[in-house]
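Following: one structure in structure tokens, then a few remarks.
Residue numbers start from 1 in every chain, and the chains themselves are labelled A, B, ... in the order their sequence lines are given, proteins ahead of strands.
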2 protein chains.
Amino acid sequence: MRDEKGLAIGELSRRTGVNIETIRYFERVGIVATPPRTSGGRRVYGAGHVRVLGFIRGARELGFTPAEVRAILSLGGPAQASCSEVREIAAHHLERVRAKMADLAQLESLLATTIDRCEGDGAASCAVIELLDQYTTT
Amino acid sequence: MRDEKGLAIGELSRRTGVNIETIRYFERVGIVATPPRTSGGRRVYGAGHVRVLGFIRGARELGFTPAEVRAILSLGGPAQASCSEVREIAAHHLERVRAKMADLAQLESLLATTIDRCEGDGAASCAVIELLDQYTTT
DNA sequence: AATGCCTCCTGTAGCGGCTACAGGAGCAAG
DNA sequence: CTTGCTCCTGTAGCCGCTACAGGAGGCATT
């Protein structure tokens, strides 16, 4: 299957960096459209699929949730979605990123402080174990 | 099962904030020890289980991975693990937290910049879609 | 003792987002 | 035709839980 007009799934996978099995999974759950087949039953992909799969990969790598990716795709995907709607989804994602950063900053501070107080085996108690032990009675 | 000497699983769950089903799961996968039973077949838990489950919950809530939790437990858990070893695991976790923070800071910056450049539907192109579209050809 | 209600038991399946594999068919080159 | 590679479908699995069905145990009340 080396037709100029379409790609086999392996070639699509190499082009987009998305796993063959993941591509089939995406088709099965409706994230990407079902492609036409050869008479032998093999899938034939075109430029639209190349674009959409690359887009999905980019969004996932930037931390957009699968639900957000689906939402953008249901707006028409990269070719048709309205900019203001995509921008709104991205802004929401940015809020989540900022909230996670704030959580991690708190956690980092707590861990660093506790580890600093930890004196190792010679001490009568262990600051890290004490920290983790706090939940013993709720 | 209201014996002074032991707790039933429901009471253990209320005491530790760990789900009944999760407690059974932990026993099944070996994270916590199998407790003795009544003649009727009910599990009877003691103070050791209360402590370990609380500890597990604390560690998970602070973001320690299941593998890290298991590592600490295999060192003897909160009652017996050596402080220096637990501290080392915590320090490694702190490194991961810091790395994640750095990743998120980069991502936050990229998203914020891109969203700022996004002018909405009136523009000829969409900065957010362009960003996500970068992966179309690898 | 019987009843009713709550708790606990085992076994199994499911969630999400993929990932992997078995067994067989298709396809192209030599 | 043979060979070697790609692709197909169907199924199961990863992880860390979470949920449920059907039935048994336990306790208080009548």
Side-chain angles (χ1 to χ4, degrees), chain A residues 1-32 34-46 49 52-73 96 135, chain B residues 1-32 34-46 49 52-73 93 96:
Chain A
M1 185 65 240
R2 275 292 188 176
D3 194 345
E4 302 280 14
K5 294 207 176 164
L7 304 172
I9 195 167
E11 187 61 31
L12 180 64
S13 174
R14 283 183 289 275
R15 286 260 186 108
T16 60
V18 181
N19 221 9
I20 288 177
E21 284 150 336
T22 305
I23 296 171
R24 288 204 201 100
Y25 164 72
F26 284 164
E27 179 191 330
R28 193 165 71 248
V29 299
I31 293 181
V32 299
T34 299
R37 302 281 183 119
T38 65
S39 58
R42 294 183 170 211
R43 295 170 172 83
V44 184
Y45 295 99
H49 271 97
V52 169
L53 283 168
F55 185 87
I56 292 169
R57 184 179 148 220
R60 294 293 289 125
E61 291 193 0
L62 291 182
F64 286 81
T65 66
E68 281 168 335
V69 174
R70 286 173 196 249
I72 296 173
L73 293 179
R96 278 190 304 103
Y135 296 84
Chain B
M1 185 68 239
R2 273 290 188 182
D3 193 347
E4 300 280 13
K5 293 211 179 162
L7 304 173
I9 196 167
E11 186 61 32
L12 181 64
S13 174
R14 283 183 289 276
R15 284 260 186 107
T16 59
V18 181
N19 220 10
I20 288 177
E21 285 151 336
T22 305
I23 296 172
R24 288 204 201 100
Y25 164 72
F26 285 163
E27 178 190 331
R28 194 165 71 246
V29 299
I31 292 181
V32 300
T34 298
R37 302 280 185 120
T38 65
S39 57
R42 295 185 170 211
R43 295 169 173 82
V44 184
Y45 294 100
H49 272 98
V52 169
L53 282 168
F55 185 86
I56 292 169
R57 183 179 150 220
R60 293 293 290 124
E61 289 193 2
L62 291 182
F64 285 80
T65 65
E68 281 167 336
V69 174
R70 285 170 198 251
I72 296 174
L73 293 179
H93 176 41
R96 278 193 301 103

Who are the side chain to side chain donor-acceptor pair (under 3.5 Å) partners of Glu21(A), not counting sequence neighbours?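 Once residues adjacent in sequence are excluded, Glu21(A) has no partner under the side chain to side chain donor-acceptor pair (under 3.5 Å) criterion.
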For Arg70(B), enumerate each residue passing the side chain to side chain donor-acceptor pair (under 3.5 Å) test, keeping only those at least two apart in sequence or located in another chain.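 So Arg70(B) forms no side chain to side chain donor-acceptor pair (under 3.5 Å) with any residue.
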Whole angstroms only, please: what is the [atom1]-[atom2] distance between [X] and [N]?
| X | N | atom1 | atom2 | answer |
| --- | --- | --- | --- | --- |
| Glu27(A) | dC7(D) | CD | P | 14 Å |
| Ile9(A) | dG26(C) | CD1 | P | 17 Å |
| Glu11(B) | dT7(C) | CD | P | 11 Å |
| Leu12(B) | dT7(C) | CG | C1' | 14 Å |
| Arg57(A) | dG17(C) | CZ | C1' | 17 Å |
| Glu68(A) | dG17(C) | CD | P | 12 Å |
| Arg37(B) | dC8(C) | CZ | C1' | 10 Å |

For Glu27(A), which residues count as a side-chain contact (heavy atoms from CB on, under 4.5 Å) partner, sequence neighbours excluded?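 Counting only residues at least two positions away or on another chain, Glu27(A) forms a side-chain contact (heavy atoms from CB on, under 4.5 Å) with Val32(A), Thr34(A), Pro35(A), Arg37(A), Arg43(A), Tyr45(A).
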Grab the two heavy atoms, one from Ile20(B) and one from Gly10(B), that are nearest each other, plus how far apart they are.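 Between these two residues, the closest heavy atoms are CD1-CA, 3.9 Å.
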Using a 4.5 Å cut-off on heavy atoms from C-beta on, say whether the side chain of Ile56(B) contacts that of Val18(B).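 The answer is no; the side chains never approach within 4.5 Å.
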Report, as a single string ordered 5' to 3', how protein heavy atoms within less than 4.0 Å touch nucleotides 15-25 of chain D: B base, S sugar-phosphate only, - not at all. -BBBBB---BB
For Arg60(B), all residues meeting salt bridge (Lys or Arg N to Asp or Glu O under 4.0 Å), sequence neighbours excluded: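 Salt bridge (Lys or Arg N to Asp or Glu O under 4.0 Å) check on Arg60(B) returns nothing, list empty.
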Under the 3.5 angstrom rule, does the side chain of Arg57(A) hit a backbone N or O of Thr16(A) as a donor-acceptor pair?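 Checking the backbone N and O of Thr16(A) against the side chain of Arg57(A), a donor-acceptor pair under 3.5 Å is found.
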Would Thr65(A) and Arg96(A) satisfy side chain to side chain contact (heavy atoms under 4.5 Å, CB included), going step by step from the backbone distance to the final call? CA-CA 10 Å; Thr65(A) 66; Arg96(A) 278 190 304 103; 3.4 Å; yes
Leu73(B) CG to Glu68(B) CD distance, which is reported to the nearest 0.5 Å: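 With rounding to 0.5 Å, CG (Leu73(B)) is 12.0 Å from CD (Glu68(B)).
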Taking 4.0 Å as the cut-off, does a side-chain nitrogen or oxygen of Arg43(A) come that near to OP1 or OP2 on dC8(D)?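 Yes, within the criterion.
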End axis versus end axis in the helix from dA1(C)-dT30(D) to dG30(C)-dC1(D), the angle rounded to 10°, five pairs used at each terminus: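 Comparing the axis at each end, I get an angle of 30°.
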